Amino acid sequence: MSPVQVRGLQDNETIYKYIDDLVTARVAAEFDDLRRSIGESFSVSPNPQMQALSNRATIVVFSGDMDKLMSAFIIATGAATMDMEVSMYFTFWGLVALKKTTIFRGKPMMEKMMAFMLPSGPRKVGTSKMNMLGIGPAFFKKAMNKNNVEKLPELIDVAREVGVRMVACQMSMGVMGIKREELIDGLEFGGVGAYMGDASDSKITLFI
């Protein structure tokens, strides 16, 4: 191996190590914030006077699959129409349900790569089973049309109309490289502390 090739290998190894260290440091910082938030949430003493849980449903939306997202919104709208207070917390892949656009301008390379790989919104998500390189979602949408079932974007609109509260996880947005301006309007932004506050006083808690 020539001196030039050896130097090129060393340069590449240096670049890869730099990127790896950068990712590790960023994720570690995000999870440090998460651990602090959890600690603060559990440091609050429960109210001994509380006799019953509130008529509330709290749903964590982690999945970015079309069928699971539909299930989450169907449950949320159903609970809201039964006069329950409903909160949906979108984290990691679930954030794609809230996207209205994808922005590349001004993002570091890692965030641009993540933006390229993530669906640009709820109309572009795949299914958890039988995705078949994108054929599956088209098949399901045709079946939903035939059976008069609302599609995911319409379910999201209905949930907003009936007052479902939607919260985007700020920590996950940082990890996934998603900016506020890429998400739909009317959202709240919070962390695990906000989720724990609602979940600890909810009759129903779900993780989808």
Side-chain angles (χ1 to χ4, degrees), residues 52-102 115 117-173 175-176 178 180 182-208:
L53 296 174
S54 297
N55 190 33
R56 181 198 303 269
T58 303
I59 304 172
V60 176
V61 185
F62 175 84
S63 174
D65 297 324
M66 181 182 76
D67 44 330
K68 294 180 181 179
L69 288 170
M70 289 183 64
S71 296
F73 279 99
I74 288 170
I75 293 170
T77 53
T81 57
M82 295 173 67
D83 295 325
M84 295 188 75
E85 185 178 346
V86 184
S87 299
M88 300 179 76
Y89 288 82
F90 295 83
T91 182
F92 288 97
W93 313 111
L95 287 166
V96 299
L98 305 179
K99 289 185 69 178
K100 63 181 179 183
T101 188
T102 297
M117 291 185 289
L118 286 173
S120 58
R123 297 183 185 277
K124 300 294 183 181
V125 296
T127 53
S128 61
K129 304 291 183 183
M130 298 187 294
N131 191 53
M132 297 179 290
L133 299 176
I135 300 175
F139 170 81
F140 280 109
K141 288 173 184 176
K142 185 174 181 180
M144 286 186 287
N145 276 336
K146 184 177 180 180
N147 291 278
N148 297 316
V149 177
E150 298 281 359
K151 300 185 188 67
L152 179 57
E154 286 73 29
L155 286 172
I156 295 172
D157 290 339
V158 171
R160 299 179 77 182
E161 289 173 6
V162 297
V164 172
R165 179 172 167 240
M166 300 183 191
V167 183
C169 174
Q170 290 177 303
M171 185 208 73
S172 298
M173 288 172 62
V175 173
M176 305 296 281
I178 297 175
R180 291 193 179 198
E182 295 179 79
L183 302 179
I184 60 177
D185 299 328
L187 300 176
E188 295 181 35
F189 298 89
V192 69
Y195 162 73
M196 292 300 297
D198 282 353
S200 62
D201 188 33
S202 296
K203 288 183 178 180
I204 298 172
T205 56
L206 298 173
F207 185 97
I208 299 176

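Hydrogens, waters and symmetry mates are skipped; everything else that's a heavy atom, side chains included, is used. Everything quoted here is computed from the prediction, not taken from an experiment.
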Visitor: Is there a side-chain contact between Ile74 and Leu155, using heavy atoms and a 4.5 Å cut-off?
Guide: yes
Visitor: Judged by atom type as modelled, is there a donor-acceptor pair below 3.5 Å linking the side chain of Ser172 to the main-chain atoms of Cys169?
Guide: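 Flag not set: sc Ser172 to bb Cys169 has no pair under 3.5 Å.
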Visitor: Given the rule in the side-chain contact (heavy atoms from CB on, under 4.5 Å) test, do Asp65 and Val125 qualify, once you have shown the distances and angles that lead to the verdict?
Guide: CA-CA 6 Å; Asp65 297 324; Val125 296; over 6 Å; no
Visitor: Is there side-chain contact between Val167 and Phe189, with at least one heavy-atom pair below 4.5 Å?
Guide: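 Heavy-atom side-chain distance check fails, nothing below 4.5 Å.
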Visitor: Measure the CD1-CZ distance between Ile184 and Arg160 for me, rounded to the nearest 0.5 Å.
Guide: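 Answer rounded to 0.5 Å: 4.0 Å.
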Visitor: Under a 4.5 Å cut-off applied to non-hydrogen side-chain atoms, are Leu118 and Ile178 in contact?
Guide: yes
Visitor: Rounded to the nearest 0.5 Å, what separates atom CG in Leu53 from atom OG in Ser202?
Guide: 7.5 Å
Visitor: Evaluate the side-chain proximity of Gln170 to Arg180: yes if any heavy-atom separation is below 4.5 Å, no if none is.
Guide: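 Heavy-atom side-chain distance check passes, below 4.5 Å.
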Visitor: Grab the two heavy atoms, one from Leu95 and one from Phe90, that are nearest each other, plus how far apart they are.
Guide: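 Closest approach of Leu95 to Phe90, heavy atoms only: CD2-O, 3.4 Å.
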Visitor: With rounding to the nearest 0.5 angstrom, report the CZ to OG1 distance, Phe207 to Thr91.
Guide: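 Nearest 0.5 Å value for the CZ-OG1 distance: 7.5 Å.
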Visitor: Is there a side-chain contact (heavy atoms from CB on, under 4.5 Å) between Trp93 and Met176 once you walk through the steps?
Guide: CA-CA 8 Å; Trp93 313 111; Met176 305 296 281; 3.2 Å; yes
Visitor: For Lys151, check salt bridge (charged side-chain N to carboxylate O under 4.0 Å, His left out) against everything at least two apart and list the hits.
Guide: none
Visitor: Quick one: are Glu85 and Asn55 in side-chain contact, heavy atoms under 4.5 Å?
Guide: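 Glu85 does not reach Asn55 side chain to side chain.
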Visitor: Taking all non-hydrogen atoms of both residues, which atom of Leu183 and which atom of Ala168 are closest, and how far apart?
Guide: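 Looks like CD1-CB, 4.1 Å.
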Visitor: Side-chain contact test, heavy atoms from C-beta onward, threshold under 4.5 Å: evaluate it for Val61 versus Leu69 and give yes or no.
Guide: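 A side-chain contact under 4.5 Å exists here.
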Visitor: Under the side-chain contact (heavy atoms from CB on, under 4.5 Å) rule, what do Phe73 and Glu154 come out as? Steps first, then yes or no, please.
Guide: CA-CA 10 Å; Phe73 279 99; Glu154 286 73 29; over 6 Å; no
Visitor: Is it true that Arg165 and Glu188 make a salt bridge, defined as a side-chain N closer than 4.0 Å to a carboxylate O?
Guide: yes
Visitor: Any heavy-atom pair between the side chains of Leu152 and Arg123 that's under 4.5 Å?
Guide: no
Visitor: Between Lys100 and Asp185, does any NZ, NE, NH1 or NH2 come within less than 4.0 Å of an OD or OE carboxylate oxygen?
Guide: yes
Visitor: Any side-chain heavy atom of Ile208 sitting closer than 4.5 Å to one from Val60?
Guide: no
Visitor: Looking at Ala80 and Val162, what are the two nearest heavy atoms and their distance?
Guide: CB-CG2, 3.7 Å
Visitor: If I take atom OG from residue Ser87 and atom OH from residue Tyr195, how far apart are they, to the nearest 0.5 angstrom?
Guide: 10.5 Å
Visitor: Under the 3.5 angstrom rule, does the side chain of Asp67 hit a backbone N or O of Thr127 as a donor-acceptor pair?
Guide: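 Checked: no pair found.
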Visitor: Looking only at heavy atoms, what is the nearest atom pair of Val86 and Ala79, with distance?
Guide: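 It is CG2-CB, 3.7 Å.
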Visitor: NZ of Lys68: more than 12 outside heavy atoms within 6.0 angstrom?
Guide: no
Visitor: To the nearest 0.5 Å, what is the distance between CE on Met84 and CD1 on Ile75?
Guide: 11.5 Å
Visitor: First locate atom CD1 of Ile156, then atom CD of Glu161, and finally report the distance between them rounded to the nearest 0.5 Å.
Guide: 12.0 Å
Visitor: Is the closest basic N to carboxylate O distance between Arg56 and Asp198 below 4.0 Å?
Guide: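 Answer for the salt bridge query: yes.
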Visitor: With a 3.5 Å distance limit and no angle check, can you tell me whether Tyr89 reaches the backbone of Phe62 through a side-chain donor-acceptor pair?
Guide: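 A pair under 3.5 Å: no.
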Visitor: Minimum heavy-atom separation for Lys99 to Thr101, with atom names?
Guide: CE-O, 3.4 Å
Visitor: Looking at every heavy atom in both Val96 and Pro119, which two are closest together, and how far apart are they?
Guide: CG1-CD, 3.9 Å
